[in-house]
Colleague: 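The structure's right below; bear with me while I get my questions together.
Residue numbers count from 1 along this sequence. First listed ligand is number 1; within each ligand, the first listed atom is number 1. These numbers were taken from a predicted model, which means no experiment stands behind them.
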Amino acid sequence: MNTLQPCPLFINGEWVTVKSGATTPVHNPSDGAVIAETPLCEADVIDQAVAAAAAAFPRWSETPPVDRARLLFRLKNMLEDHFEELAQGVTQEHGKTLTEARGDVRRGLENIEFACGIPSLLMGQSLENVARGIDCDSIRQPLGVVAGIAPFNFPAMVPLWMWPLAIACGNTFVLKPSEKVPLSTIRITEFARQAGLPPGVLNVVHGGREAVDAILKHPTVKAISFVGSTKIAQYIQSTGIAHGKRVQAAGGAKNSVVVMPDADVGPTATGILEAAFGCAGERCMAGSTAIVVGKAAETVLPQLVDAVSKLRVGPTDRDPRAQMGAVITRQHADRVCQLITQAAGQGAKPLTDGRDLNVVGVPNGFYVGPTILDRVEPGMVTMQEEVFGPVLNVARVESLDAAIELANASPYGNGAAIFTRSGQAAREFRHRSAAGMVGINIGVPAPLAFFPFSGRHASFFGDLHLQGRDGVAFFTQQKVTTTRWFGAGEGSIWSDK
Ligand code: NAD
């Protein structure tokens, strides 16, 4: 029996072990072993975390932005020093390959780097002489206690989208990582503690719906940053708003990759393979539907099928040659297989089929092999639902117009990509795409930290997105001051000037 890794809370600068109450297991998806137990916190624990954050706010918000930035800079250096260890931790609790885990940590680190620029990012605007002798300026001030609720699929990156920028802006934070992958957050928080983060500035709680509800309804929490599935994102937005909070809620996705007949065959096949099967398809920016136009079906598709059938699926924590890992839980693996079966029953043609994959040596791992479903139609289940697994739909159409129409028919609006050599087709696609993040010869057009992560429709609820200047605006409120200074006797009703 494995020794379980500790899964403490972090409240007011102290690690707190929960000794009783309900828990949920954290698995290593590569072999199915339970590696930790996440406590499912209730409202009393959320109260303590929020109280610690509220007590820390007056002093932290008065800390000069340049000092807040220095602290984040120290944290960044510590995370760089422990980069490999962090990536290994991500691989262990999530199942993605070490290369993918390094990407997860790197993208997170870039958000800390962005937050280190907070003195410039917080600068306001000013205008002299808005009226004669009167000046006007705006400044940005923090909101107070803010909270973040994260999904399982990027254990390092998504929490780092949230709290570093929020605290850089002067807020204090309550973070609830996914109960399925709490361990990366625990490691990163320990580095934040060692970097000198004052008690109460960042607090970490664990749990599921009950913990989330307590955060959503807590009167002291001013804003909520959420990333997860669409159904929960909608719930977070409506409940958060009903309780007077500012909310940004990123939801699920279903992203199309359009392949034009003139696309470069090799790089396009590689781009689609990476977009569909990278992180075993558990990405909100996964390219889960390839829309092949005309003869692209004869050029790109055979090369893609060949490459996908050679993908090595395995335990990413021990097999450095594994190119794709397991999915997050046994239930999720079963659901993905069920959706493949349903789509096949509706007429989709499996070109590769990952349902019965056995990975030698790890019979209890949560594996689904990479699956390509050809001749998929809009009404089929894998076109309607976010599968969030290694399944690629292939839809065949005859024109760019038809491809755009099909891509835009999705209720989601995170990403969309086109592979082509034609600037005109690319321009047309970018202009008409209903998605908020567009890739041109890039399969996963996920923006880096200094741009907003700009999903639309059922992929995002709110106004200001995560990351970039949108993130700064989300975590601050503006104050506009209008100023007049009088000379001696000036402005007086007794003055004859
Ligand atoms: P999820 O919605 O199941 O969980 C997300 C968070 O919500 C977790 O912290 C979880 O504890 C909490 N939660 C779950 N059920 C809840 C409930 N009933 N009430 C209140 N809170 C609840 O998502 P997941 O499975 O962890 O993550 C995968 C999803 O996240 C996918 O849909 C993916 O597309 C999406 N995602 C979106 C983005 C984006 O930027 N749009 C980025 C990453 C992931």
Colleague: Quick one: look up the protein heavy atom nearest atom 18 (N) of ligand 1 and list residue, atom name and how far away it is.
Modeller: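 Closest protein heavy atom to atom 18 (N) of ligand 1: I232 CD1, 3.5 Å.
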
Colleague: Does an N or O anywhere in A150 fall below 3.5 Å from an N or O of ligand 1?
Modeller: yes

Colleague: From R193 CZ over to L75 CG, what is the distance, rounded to the nearest 0.5 angstrom?
Modeller: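 Going from the CZ atom of R193 to the CG atom of L75 covers 13.0 Å.
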
Colleague: Considering the heavy atoms of V227, write down every atom of ligand 1 situated less than 4.0 Å from one of them.
Modeller: 5 (C), 36 (N), 37 (C), 38 (C), 39 (C), 42 (C), 43 (C), 44 (C)

Colleague: Of all the non-hydrogen atoms in the protein, which one sits nearest to atom 19 (N) of ligand 1, and at what distance?
Modeller: R209 CG, 3.6 Å

Colleague: Taking 4.0 Å as the limit for heavy-atom contacts, which would you say applies to R283 with ligand 1: side chain only, backbone only, both, or neither?
Modeller: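 No part of R283 comes within reach of ligand 1.
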
Colleague: At a non-hydrogen distance cut-off of under 4.0 Å, which region of Y412 contacts ligand 1 (side chain, backbone, both, or neither)?
Modeller: neither

Colleague: Flag the pair V212 / I236 as yes when at least one side-chain heavy-atom distance between them is below 4.5 Å, and no otherwise.
Modeller: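 They are in side-chain contact.
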
Colleague: Strictly by modelled atom types, are T382 and N393 linked by a side-chain donor-acceptor pair under 3.5 Å?
Modeller: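 Looking only at side-chain atoms, N393 and T382 do form a donor-acceptor pair, the distance falling under 3.5 Å.
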
Colleague: Does the N or O separation between K176 and ligand 1 drop below 3.5 Å for any pair?
Modeller: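 Looking only at distances, the answer is yes, because the N/O contact criterion of under 3.5 Å is met.
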
Colleague: Drop me the distance from H332's NE2 to C337's SG, to the nearest 0.5 angstrom.
Modeller: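 Reported value, rounded in 0.5 Å steps: 10.0 Å.
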
Colleague: Tell me, which protein residue and heavy-atom name are nearest atom 7 (O) of ligand 1, and how many Å apart are they?
Modeller: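 Result: F226 CE1, 3.3 Å.
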
Colleague: Do the charged groups of R318 and D31 touch, with an N to O distance under 4.0 Å?
Modeller: yes

Colleague: Report yes if some heavy atom in the side chain of S238 is under 4.5 Å from a heavy atom in the side chain of F461; otherwise report no.
Modeller: no

Colleague: What do you reckon, does G251 have a nitrogen or oxygen under 3.5 Å from a nitrogen or oxygen of ligand 1?
Modeller: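 N/O-N/O distance below 3.5 Å exists for this pair.
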
Colleague: Does CG in D47 sit with more than 12 non-hydrogen atoms of other residues, nucleotides or ligands closer than 6.0 Å?
Modeller: yes

Colleague: Any pair with a residue in residues 84-97 that passes salt bridge (Lys or Arg N to Asp or Glu O under 4.0 Å), sequence neighbours left out, goes on the list, sorted by first then second residue, please.
Modeller: E84-R102, K96-D104

Colleague: Ion pair present between R283 and E274, side-chain N to carboxylate O less than 4.0 angstrom?
Modeller: no

Colleague: Is the F173 ring parallel, tilted or perpendicular to the F475 ring (thresholds 30°, 60°)?
Modeller: perpendicular

Colleague: Quick check: does any side chain N or O of R107 sit under 3.5 Å from a backbone N or O of P447, one acting as donor and the other as acceptor?
Modeller: no

Colleague: Provide, to 0.1 Å, the distance between atom 40 (O) of ligand 1 and the closest protein heavy atom, together with that atom's residue and name.
Modeller: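 Answer for atom 40 (O) of ligand 1: F453 CE2, 3.2 Å.
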
Colleague: Nearest non-hydrogen atom to atom 42 (C) of ligand 1 belongs to which of S229, G252, P151, C284?
Modeller: C284

Colleague: Assign the ring pair F366 / H27 to parallel, tilted or perpendicular, where the plane angle (0 to 90°) is split at 30° and 60°.
Modeller: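 Correct class here is perpendicular.
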
Colleague: Taking non-hydrogen atoms only, is K231 closer than 4.0 angstrom to ligand 1 via side chain, backbone, both or neither?
Modeller: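 Neither part.
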
Colleague: Please could you name the atoms of ligand 1 that E386 approaches to less than 4.0 Å, counting only its heavy atoms?
Modeller: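 So the atoms of ligand 1 that pass are 31 (C), 32 (O), 33 (C), 34 (O).
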
Colleague: Please report which non-hydrogen protein atom sits nearest to atom 10 (C) of ligand 1, along with the residue it belongs to and the distance in Å to one decimal place.
Modeller: E179 OE1, 3.5 Å

Colleague: Could you check which of F460, F388, F152 puts a non-hydrogen atom nearest to atom 33 (C) of ligand 1?
Modeller: F388

Colleague: For the 3.5 Å polar cut-off, considering only N or O atoms, please tell me whether G228 and ligand 1 meet it.
Modeller: yes

Colleague: Heavy-atom contacts with W161 under 4.0 Å: which atoms of ligand 1 show up? List them by number with element.
Modeller: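 Selected atoms, number and element: 40 (O).
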
Colleague: Just jot down the ligand 1 atoms closer than 4.0 angstrom to any heavy atom of G207, in number order.
Modeller: 11 (O)

Colleague: Yes or no, since that's all I need: does a protein heavy atom fall within a distance strictly under 4.0 Å of atom 4 (O) of ligand 1?
Modeller: no

Colleague: Show the atoms of ligand 1 that are less than 4.0 angstrom away from any heavy atom in N153.
Modeller: 43 (C), 44 (C)

Colleague: Please work out, at 4.0 Å between heavy atoms, whether the side chain, the backbone, both, or neither of D213 comes within that distance of ligand 1.
Modeller: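 Neither; no heavy atom under 4.0 Å.
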
Colleague: According to the interplanar angle, ranging from 0 to 90°, do the rings of F450 and F114 count as parallel (below 30°), tilted (30 to 60°) or perpendicular (above 60°)?
Modeller: tilted

Colleague: Provide the number and element of each atom of ligand 1 under 4.0 Å from a heavy atom of A250.
Modeller: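 Within the 4.0 Å cut-off of A250, ligand 1 contributes 39 (C), 40 (O), 41 (N).
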
Colleague: What atoms in ligand 1 come closer than 4.0 Å to a heavy atom of V212?
Modeller: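 Atoms satisfying the 4.0 Å criterion: 20 (C), 21 (N).
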
Colleague: Under 4.0 Å, heavy atoms only, figure out whether ligand 1 is touched by the backbone of F154, its side chain, both or neither.
Modeller: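 Neither part.
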
Colleague: With sequence neighbours excluded, tell me which residues meet salt bridge (Lys or Arg N to Asp or Glu O under 4.0 Å) with K176.
Modeller: E179

